[in-house]
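Numbering of ligands and ligand atoms starts at 1, following listing order. All residue numbers in this chain count up from 1 along the given sequence. Keep in mind that the numbers below use all heavy atoms, side chains included, and drop hydrogens, waters and symmetry copies. This one's a predicted model, so the numbers in the text were calculated from it and none came from an experiment.
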Amino acid sequence: MRDIGCSEEEIFSSFSRYKEKDTPYHRILSSMCTRPHPIAARAHAMFMETNLGDPGLFMGTASLEHLLIKRLGDLLHHHSVGGYATSGGTESNIQALRIAKKIRPVERPNVIMPESGHFSFDKACDLLSIDIRAIPLDGNFRIQVDQIEDQIDQNTIGVIAVAGTTEYGIVDPVRAVAEIAKDHGLFCHVDAAFGGLVLPFLDQPVPFDFSIPEVDSISVDPHKMGMSTIPTGCLLVRDTAHLSLLNIPTPYLTVKQEYTLMGTRSGGAVAGALAVLEYLGRSGMRAVVSGCMKNTRRLIDGMDAYGFAPAAWPDVNVATFECPRPPAGWHVSWTRRGHLRIVCMPHVHREMIEAFLEEVGEMCA
Ligand SMILES: *Cc1c(COP(=O)(O)O)cnc(C)c1O
């Protein structure tokens, strides 16, 4: 650290040089994050200094968090939902597994999930000493439901389904998975970190949420398709008593106990997430999602025309291809099975898709 500080100009001119090294969003085709909506940025700035880790001091901001959870609960078909704003899908998934473990305290717990489960479950299971039993996928990368029951034993604490897989944009048959979970008295968590703010706005919605009575908890990330500022995830639970299982005493705060994983938490991101939902409403979100889905289809058709077949038929705006090499200068990603992966986020405009396809065409010529 410097002994004597430097000027504001010096800091910001040096920071701009660092920022120039970042990839601009108009070249990013690989990310589930996007430029925050200007409304989110404004709300975030307004609540920047608030700390939801001590909600008695920031009661207004805490009310905004309750409202955010209520809005998401309404959207996902459970009006008396419980939950809180997390730092993202990773924390939501960790907390869901903590709940499952508290409900069924066994000596060597295991959890059932599709092979397509997000790597955050590897972290969660490492932290919580839970074994993962990965269920193979079918030809379109969905969990093979008929393989689940064989893996359940007396140490199984829960079953997970994914609604919008990170790699292929696939929704598992959530109802079938949840029914198996309930038949065995097991906790059922749906990881809709990505799909949770896409699926409710599709023309033909795919069932994945609390409308399925056996679903106990859902992860949904406003900092992905909710166009909020980073970090905002949400963990939603059907039964608020399940959150209380995580309570630990907090001696020096305005509240006596807390169930969150984080201590100090930004109210800025929470205000940002709520502001976008309020500002756009269902019709605005439908328009955003419809644009992203149209772009996804255009990309799939365009790539197919050049001989690069889609690797999966996605339910959400993630497109994957049998394509060994993309044109230079674009940031794409690769799935574990070696498929080229592009996420058609709101910042990925139609012109970007057309420019990308044109370069793919030149590359093929
Ligand atoms: C992005 C994602 C996560 C992890 O969320 P973070 O916000 O990166 O912690 C978990 N599950 C799924 C399905 C995701 O798409």
Side-chain angles (χ1 to χ4, degrees), residues 28-34 36 40 68 72 76 83-98 100 111-128 132 134-135 137 141-143 158-174 177 188-200 206 208-209 215 217-236 260-262 265-266 269-270 272-273 276 289 292 296 312 314-320 333-336 341-346:
I28 300 181
L29 299 174
S30 59
S31 178
M32 288 188 153
C33 288
T34 193
L68 173 64
L72 291 173
L76 304 187
Y84 78 98
T86 64
S87 54
T90 301
E91 182 183 345
S92 303
N93 289 340
I94 292 172
Q95 291 285 81
L97 287 187
R98 278 184 73 205
V111 67
I112 313 270
M113 72 177 79
E115 269 175 9
S116 53
H118 186 263
F119 56 78
S120 51
F121 289 111
D122 295 308
K123 300 180 189 177
C125 290
D126 183 34
L127 283 166
L128 295 166
I132 295 180
I135 306 294
L137 310 179
F141 305 95
R142 261 180 253 280
I143 189 169
V159 183
I160 293 159
V162 188
T165 57
T166 318
E167 288 190 310
Y168 292 94
I170 295 295
V171 180
D172 284 321
V174 178
V177 173
C188 179
H189 175 66
V190 176
D191 183 3
F194 187 76
L197 284 170
V198 180
L199 300 168
V206 192
F208 77 101
D209 61 18
V215 167
S217 63
I218 301 179
S219 302
V220 47
D221 276 2
H223 67 201
K224 290 175 176 170
M225 282 298 286
M227 295 162 285
S228 173
T229 51
I230 297 170
T232 351
C234 286
L235 174 66
L236 304 177
T260 58
L261 185 56
M262 298 295 139
R265 289 189 297 137
S266 161
V270 169
V276 176
V289 166
C292 293
T296 307
D315 299 302
V316 296
N317 41 323
V318 178
T320 48
S333 60
W334 301 93
T335 68
R336 284 170 284 185
R341 168 183 173 271
I342 291 175
V343 190
C344 294
M345 292 303 288

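Residue F194 approaches ligand 1 through these ligand atoms, each under 4.0 Å from one of its heavy atoms: 15 (O). Residue contact check: D221 has heavy atoms under 4.0 Å from atoms 5 (O), 6 (P), 7 (O) of ligand 1. Proximity to T166 (heavy-atom distance under 4.0 Å) selects the following atoms of ligand 1: 12 (C), 13 (C), 14 (C), 15 (O). Below 4.0 Å from some heavy atom of G88 lie the following atoms of ligand 1, by number and element: 7 (O), 9 (O). Heavy-atom contacts of M32 reach the following atoms of ligand 1: 15 (O) (cutoff under 4.0 Å). Those atoms of ligand 1 that come under 4.0 Å of a heavy atom in A193, given as number and element, are 2 (C), 3 (C), 10 (C), 11 (N), 12 (C), 14 (C).
Of the heavy atoms in N93, only side-chain atoms (C-beta onward) come closer than 4.0 Å to ligand 1. Proximity of T90 to ligand 1, defined as any heavy-atom pair under 4.0 Å, is shared by backbone and side chain alike.
Looking at D172, its side chain does come within 3.5 Å of a backbone N or O of V162 through a donor-acceptor pair. Under the 3.5 Å distance criterion, the side-chain polar atoms of D315 are matched with a main-chain donor or acceptor of V171. A donor-acceptor pair is defined here as one N or O able to donate and one able to accept, closer than 3.5 Å; such a pair exists between the side chain of S228 and the backbone of A273. At distances below 3.5 Å, not a single donor-acceptor pair connects side-chain atoms of R341 with backbone N or O atoms of Y168. Between the side chain of T34 and the backbone N or O of M227 there is no donor-acceptor pair closer than 3.5 Å.
By the 3.5 Å distance cut-off applied to N or O atoms, S87 is not counted among the residues near ligand 1. Backbone and side-chain nitrogen or oxygen atoms of G164 are examined, and none is located within less than 3.5 angstrom of a nitrogen or oxygen of ligand 1.
For atom 6 (P) of ligand 1, the closest non-hydrogen atom on the protein side is G89 N, 3.4 Å. D191 OD2, 2.6 Å is the protein heavy atom nearest to atom 11 (N) of ligand 1.
By heavy-atom distance, the residue among K224, M225, H118 lying nearest atom 15 (O) of ligand 1 is K224.
Ligand 1 lies less than 4.0 angstrom from a heavy atom belonging to S120.
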>> Under the criterion salt bridge (Lys or Arg N to Asp or Glu O under 4.0 Å), I'd like the reasoning laid out for E167 against R336: C-alpha separation, chi angles, the key distance, then a yes or no.
In response: CA-CA 8 Å; E167 288 190 310; R336 284 170 284 185; 3.2 Å; yes
